[in-house]
2 protein chains.
Amino acid sequence: MEDASVLHLENQFCFPLYAVSRLTTKLYVPLLKEIDLTYPQYLVLLVLWENDLQTVNEIGNCLVLESNTLTPLLKRLEQKKLIKRMRKKEDERIVTIALTEQGKALKNHAVSIPQKIASLFKNTGLTEEDYGTFQQTLLKLLSTLKKETSKN
Amino acid sequence: MEDASVLHLENQFCFPLYAVSRLTTKLYVPLLKEIDLTYPQYLVLLVLWENDLQTVNEIGNCLVLESNTLTPLLKRLEQKKLIKRMRKKEDERIVTIALTEQGKALKNHAVSIPQKIASLFKNTGLTEEDYGTFQQTLLKLLSTLKKETSKN
DNA sequence: TGCGATTAAATCATGCGCGATATAAATGTA
DNA sequence: TACATTTATATCGCGCATGATTTAATCGCA
């Protein structure tokens, strides 16, 4: 009989990856609630705070998300008056996303979030170096997986 | 003016964590499609293959999911005739989940999946040791975050 | 025994993710 | 200029996730 221990949860990194990702998102919830944002909405704003006036596709490239996810999400951000959606005159297919004044102003509140999140990761027994290694691994995986999944 | 570079995507590990988790789940899709399962459904079966006859709560503890996610998911697995849901006679609040013969049999197909997934992670430039470190970090984070979020 | 508190699961509403498809605009080319 | 092809976004359907609430059963204790 084949050894089935390969099927045990603790012998895979995919499950902890999935679980840690969900639990990490939960850490943001109370902080983002203060500014009435979900985590994916916050990510879109991060992208725009870094570079305003990007197309749906460009935002999607940054976040590895497509229009089927972004379009409804962006409409919600528009309803909250944080962004504007404008079709390009030169090419009516393309929608440019721009921050409103309100959307720009929100950045001032958001700058405190990374610090607060970081403090929640202090009592894990992991060192700064561990986190650096962890992030480097994630970035390598992200880069590889992005290529892998865009092949089709 | 405060330095806003803390808000840049690449300066956080939460975003790559979120993205890598999603992309990793996508790697399972073609493999799981062969046995008509989603990734969360596959995880529930992993738990049951390891220990049959568990309650909804027990499965939830393993996967860090609650009944609001599990109940509908388990009903779908029941529709597929992979599990049975049975209320305990001693305590009618508790639902025990049992694999059907079909559910048990599916394990034989599933044993090949971890191997196939592992092979997709070969060309990342990461060594076996890197993966070991990565998994250890994830497990530490998982354990800490589980406590952190169960506090409330 | 009676009844408030607790517990397990289910239900509800909302917002992602994402495969598949549609729409509409722009492009290439015969 | 016609028309097939490509491109950008949108729409649709479904299955998670999850906070909030509900339902129903059990427990604890006066």
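Protein chains get the first letters and strands the later ones, always in sequence-line order, with residue 1 at the start of each.
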note: B:Glu92, atom CD; D:dC27, atom P; distance rounded to Å ~ 12 Å

Between B:Ile59 (CD1) and D:dA17 (C1'), how many Å, whole number?
-> 17 Å

Inter- and intrachain pairs under ring-ring contact (aromatic ring centres under 6.0 Å, His included), touching residues 68-96 of chain A, at least two apart = none

Nearest-Å distance for atom pair CG/P, residues B:Asn61 and C:dA9 | 10 Å

With sequence neighbours excluded, what pairs up with B:Lys75 under the salt bridge (charged side-chain N to carboxylate O under 4.0 Å, His left out) test?
-> none

Checking A:Tyr131 side chain against A:Phe121 main chain: does a donor-acceptor pair fall under 3.5 Å?
-> yes

D:dC16 P sits how many Å from B:Leu63 CG, rounded?
-> 12 Å

Heavy-atom contacts under 4.0 Å between residues 12-30 of chain B and DNA chain C, which residues?
-> B:Tyr18, B:Arg22, B:Lys26

Has the side chain of A:Ser21 got a donor or acceptor atom that lies under 3.5 Å from a matching backbone atom of A:Tyr18?
-> no

Starting at CG of B:Leu43 and ending at C1' of D:dA17, how long is that distance when rounded to a whole Å?
-> 13 Å

Whole Å only: how far is the CG atom of B:Leu145 from the C1' atom of D:dA17?
-> 16 Å

Does the A:Ser112 side chain pair with the main chain of A:His109, one donor and one acceptor, at a distance under 3.5 Å?
-> yes

Would you indicate what A:Lys33 reaches in the nucleic acid, counting non-hydrogen atoms under 4.0 angstrom: base, sugar-phosphate, or nothing?
-> sugar-phosphate

Residues at least two apart in sequence or cross-chain that pass salt bridge (charged side-chain N to carboxylate O under 4.0 Å, His left out) with A:Glu129, listed by chain then number, are none

Any pair with a residue in residues 87-96 of chain B that passes side-chain hydrogen bond (donor to acceptor under 3.5 Å, both in side chains), sequence neighbours left out, goes on the list, sorted by first then second residue, please.
-> B:Asp91-B:Arg93

How long is the line joining CD1 of B:Ile97 and C1' of C:dA8, in whole Å?
-> 12 Å

Within the side chain of B:Ser67, is there an N or O that forms a donor-acceptor pair under 3.5 Å with the backbone of B:Leu70?
-> no

Heavy-atom contacts, protein to nucleotides 6-15 of chain D, under 4.0 Å, summarised as B (base), S (sugar-phosphate only) or - (none) per nt, yield -BSBBBB--S

Separation of D:dT22 atom P from B:Glu66 atom CD, nearest Å, is 17 Å

Okay, side chain of B:Trp49, backbone of B:Val44: is any donor-acceptor separation there less than 3.5 Å?
-> no

